[in-house]
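In what follows, residues are counted from 1 in the order of the sequence shown.
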Amino acid sequence: MADAGTAAKPEPLKLLRIFRGADAPSLDEAGHMEYADDDPIILNGAAKLGEAGIGEGAVLKCLFSGFGFSLHYVWFKPGYPLPLHSHDSDCLYYLISGDIKMGTEEMAAGDGFFLPADTPYTYSVGDEGVEMLEFRTQEDFDIRFKGKTEAYWEKMLEKLRAEQPKWKEALPPAREYRNV
């Protein structure tokens with residue numbers, strides 16, 4: 001409780017916070033995602049993808065982080081091989097442009113999905129790539145890969161090598177909204 005002569009401090013969620021996409025740090029620079037794997041097969045497989053240039057196929061930015069939640073921008077280039085993984089926070093995903101296929105579900109701009117924490121998932125990125133927003137219920141979160149065999153990681157590496165030539169000239173997909 002504030003003293004009679006002291007102004008009360010505003011509650012954190014009552015403060016205006018503006019963020020600019022042009023100023024957003026990469027997800028790595030922001031330091032909000034921690035790799036939580038310790039299985040040697042997963043570590044070796046992920047390292048091989050990194051050495052082969054998987055990072056060239058994604059743009060990941062932290063647009064906002066504060067008050068116990070965060071907002072991230074993701075652009076996966078055409079055919080990006082997203083390994084099966086989970087995070088330790090709930091997340092709401094919204095497709096800005098492009099398309100993905102998750103299981104039998106095809107999604108495009110204006111569509112989205114919610115994943116509870118610790119739910120393993122992956123999706124196939126379409127021929128134009130995909131831009132998404134990720135709304136998380138935590139500022140800091142982990143990523144845990146689920147591929148437990150060397151054969152799994154070799155398939156991911158083959159897909160990476162097949163799709164990688166498209167990435168040099170790739171631009172984010174056109175933003176054609178449907179069902180919005």
Just by modelled atom types, is the Ser26 backbone N or O under 3.5 Å from a matching donor or acceptor in the Glu29 side chain?
yes
Just verifying a value: how many Å separate Glu34 CD and Asp142 CG, rounded to the nearest 0.5 Å?
6.5 Å
Do Phe141 and His72 make the cut of ring centroids closer than 6.0 angstrom?
yes
From CA spacing to verdict: ring-ring contact (aromatic ring centres under 6.0 Å, His included), Tyr121, Tyr93:
CA-CA 12 Å; Tyr121 75 104; Tyr93 298 80; 5.6 Å; yes
Step-by-step ring-ring contact (aromatic ring centres under 6.0 Å, His included) determination, Phe64 to Phe69
CA-CA 8 Å; Phe64 178 85; Phe69 64 96; 5.7 Å; yes
Identify whether the distance between the nearest side-chain nitrogen and carboxylate oxygen of Lys77 and Glu56 falls below 4.0 Å.
no
Trp153 six-ring centre to Lys155 NZ/CZ under 6.0 Å and within 45° of normal:
no
List in chain and number order the residues that pass salt bridge (Lys or Arg N to Asp or Glu O under 4.0 Å) with Asp99, two or more places apart in sequence or in another chain; answer none if no residue qualifies.
none
Without hydrogens or angle criteria, can the side chains of Ser70 and Glu139 be said to hold a donor-acceptor pair below 3.5 Å?
no
Residue set satisfying side chain to side chain donor-acceptor pair (under 3.5 Å) with Lys146, at least two apart, ordered chain then number -> Ser86
Sequence neighbours excluded, the answer for side chain to side chain donor-acceptor pair (under 3.5 Å) partners of Glu134 is Arg136
May I ask you to say whether Lys159 pairs ionically with Glu163, meaning some side-chain N is under 4.0 Å from a carboxylate O?
yes
